[in-house]
Colleague: 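This is the structure I want to talk about, given as structure tokens.
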Amino acid sequence: VLRYASLHPAFPHETTSDQFFDESQFESYRALGYHIGCNVLSAAAERDEMATRFAQHFALAGDWSRALDYLRSALRIANSRFAWRDALAVLDQAFALAANLSDTARIPAEIEFLERRAGIQAVAHDPQAAETYSELAAKAGQFRDVEAQCRALIGLAYAASWHDLAQSVRFLDEVLALCETLADPI
């Protein structure tokens with residue numbers, strides 16, 4: 001686009017009466033339209049209802065990663081509003097869509113969404129936080145994501161501290177043992 005604009009000073013205001021664009025002119029207008037569209041979508045996605053609509057649109061088109069990006073936007077907005085139920089509903093949608101990704105993309109996405117769910121549940125002192133942290137620790141361990149597993153066990157220790165300090169300390173001991181396997185331990 002920039003190269004074409006430097007060679008054609010009237011761009012993007014060239015006359016369109018000649019409908020037979022050469023390849024570089026066509027590609028420059030196409031790229032300009034694409035970038036404008038991306039900017040418009042990005043700005044509109046800052047509103048929660050638009051982010052979820054865009055996510056639905058891209059999910060229907062089978063563009064799972066872009067749909068998840070818009071759900072992440074909706075999640076960020078819900079969290080900034082302290083709308084925990086809305087955030088959990090967005091996470092439900094995201095987890096369902098993540099199932100359509102390839103294994104290499106699905107597994108990190110599932111770990112990410114479990115971690116976000118557990119964090120919301122922990123902030124709300126939801127008793128399900130321990131179960132979610134436990135599921136997260138198991139999944140992270142299964143796929144050898146030691147850092148996520150450590151974060152999950154720390155969360156599990158926090159949730160356990162609500163009712164059983166001894167169990168909480170056992171989880172923290174497990175974290176310390178796992179940290180020894182990291183290149184840059186805690």
Colleague: So how far is it from C150 SG to L156 CG, rounded to the nearest 0.5 Å?
Modeller: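 CG of L156 is found 12.5 Å from SG of C150.
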Colleague: Compare every heavy atom of T52 with every heavy atom of A74, then report the nearest pair and how far apart it is.
Modeller: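 So the minimum-distance heavy-atom pair works out to CB-CG2, 3.7 Å.
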Colleague: With sequence neighbours left out, what residues match S102 under side chain to side chain donor-acceptor pair (under 3.5 Å)?
Modeller: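 S102 satisfies side chain to side chain donor-acceptor pair (under 3.5 Å) with T104 only.
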Colleague: With sequence neighbours left out, write down each residue that passes side-chain contact (heavy atoms from CB on, under 4.5 Å) with E131, or none if nothing qualifies.
Modeller: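 Result, side-chain contact (heavy atoms from CB on, under 4.5 Å) vs E131: none returned.
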Colleague: Where do A129 and A122 come nearest, in terms of heavy atoms and distance?
Modeller: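 Here A129 and A122 meet closest at CB-N, 3.8 Å.
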Colleague: Output the distance between atom CG (L71) and atom CG (L75), rounded to the nearest 0.5 Å.
Modeller: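 That separation rounds to 8.5 Å.
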Colleague: What pairs of residues pass the side-chain hydrogen bond (donor to acceptor under 3.5 Å, both in side chains) test when at least one of them lies in residues 139-156, not counting sequence neighbours?
Modeller: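 Counting only pairs at least two positions apart or across chains, the side-chain hydrogen bond (donor to acceptor under 3.5 Å, both in side chains) contacts touching residues 139-156 are E110-K139, E115-R151.
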Colleague: Which pair of non-hydrogen atoms, one from L153 and one from A137, has the smallest distance, and what is that distance?
Modeller: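 Minimum heavy-atom separation between L153 and A137: CD2-CB, 4.2 Å.
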Colleague: For R116, give me all partners under side chain to side chain donor-acceptor pair (under 3.5 Å), at least two apart in sequence or on another chain.
Modeller: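 Here the qualifying residues are E112.
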Colleague: Between D69 and R72, is a salt bridge (charged side-chain N to carboxylate O under 4.0 Å, His left out) present by the stated rule, with each step listed?
Modeller: CA-CA 5 Å; D69 287 342; R72 286 181 181 99; 3.2 Å; yes
Colleague: Please determine whether side-chain contact (heavy atoms from CB on, under 4.5 Å) holds for the pair Y133 and I154, giving the CA-CA distance in whole Å, both sets of side-chain angles, and the decisive distance to 0.1 Å.
Modeller: CA-CA 9 Å; Y133 276 123; I154 290 169; over 6 Å; no
Colleague: Quick one: salt bridge (charged side-chain N to carboxylate O under 4.0 Å, His left out) partners of E27, sequence neighbours excluded?
Modeller: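 Here the qualifying residues are R30.
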Colleague: Check L97 against A67 and note the closest heavy-atom contact, atom names and distance.
Modeller: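 Residues L97 and A67, closest heavy atoms: CD1-CB, 3.8 Å.
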Colleague: Restricting to salt bridge (charged side-chain N to carboxylate O under 4.0 Å, His left out), what partner residues turn up for D63, sequence neighbours left out?
Modeller: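 D63: no salt bridge (charged side-chain N to carboxylate O under 4.0 Å, His left out) contacts found.
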Colleague: What residues, two or more places apart in sequence or in another chain, satisfy side-chain contact (heavy atoms from CB on, under 4.5 Å) together with L32?
Modeller: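 Scan of L32 (side-chain contact (heavy atoms from CB on, under 4.5 Å), adjacent residues dropped) gives F11, P12, I36.
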Colleague: Nearest heavy-atom pair of A98 and R106: which atoms, and what distance?
Modeller: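 That would be O-CG, 3.2 Å.
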Colleague: With rounding to the nearest 0.5 Å, note down the distance linking OG in S168 to NE2 in H163.
Modeller: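 Answer rounded to 0.5 Å: 9.0 Å.
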Colleague: Could you work out, with side-chain contact (heavy atoms from CB on, under 4.5 Å) as the rule, every residue matching I107, not counting sequence neighbours?
Modeller: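 Counting only residues at least two positions away or on another chain, I107 forms a side-chain contact (heavy atoms from CB on, under 4.5 Å) with D103, I111, F143.
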Colleague: Which residues pass the side-chain contact (heavy atoms from CB on, under 4.5 Å) test with L88, sequence neighbours left out?
Modeller: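 Scan of L88 (side-chain contact (heavy atoms from CB on, under 4.5 Å), adjacent residues dropped) gives L91, R117, I120.
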Colleague: Is there a donor-acceptor pair closer than 3.5 Å between any side-chain N or O of T132 and the backbone N or O of A118?
Modeller: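 Not a single qualifying donor-acceptor pair exists.
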Colleague: Do L68 and F58 pass the side-chain contact (heavy atoms from CB on, under 4.5 Å) test, and can you show the C-alpha distance, the side-chain angles, and the key distance before you say yes or no?
Modeller: CA-CA 9 Å; L68 288 172; F58 285 109; over 6 Å; no
Colleague: Can you list every salt bridge (Lys or Arg N to Asp or Glu O under 4.0 Å) pair that touches residues 156-174, not counting sequence neighbours?
Modeller: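 Residue pairs passing salt bridge (Lys or Arg N to Asp or Glu O under 4.0 Å), neighbours aside: none found.
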Colleague: If two hydrophobic side chains count as joined below 4.5 Å and joins carry through other members, does L182 share a cluster with L178?
Modeller: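 L182 and L178: one cluster.
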Colleague: Has D86 got a side-chain atom pairing as donor or acceptor with A83's backbone, closer than 3.5 angstrom?
Modeller: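 Checked: no pair found.
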Colleague: For a quick test of reading the model, state the closest non-hydrogen atom pair linking S161 to L165 and the distance between them.
Modeller: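 Answer, listing the atom of S161 first, then L165: O-CD2, 3.9 Å.
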Colleague: State plainly whether one hydrophobic cluster holds both V175 and V146, where clusters connect Ile, Leu, Val, Met, Phe, Trp and Tyr through side-chain heavy atoms under 4.5 angstrom apart.
Modeller: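 In one cluster: yes.
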Colleague: Can you list the other members of the hydrophobic cluster that holds Y158, where links are side-chain heavy atoms under 4.5 angstrom apart?
Modeller: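 Y158 clusters with W162.
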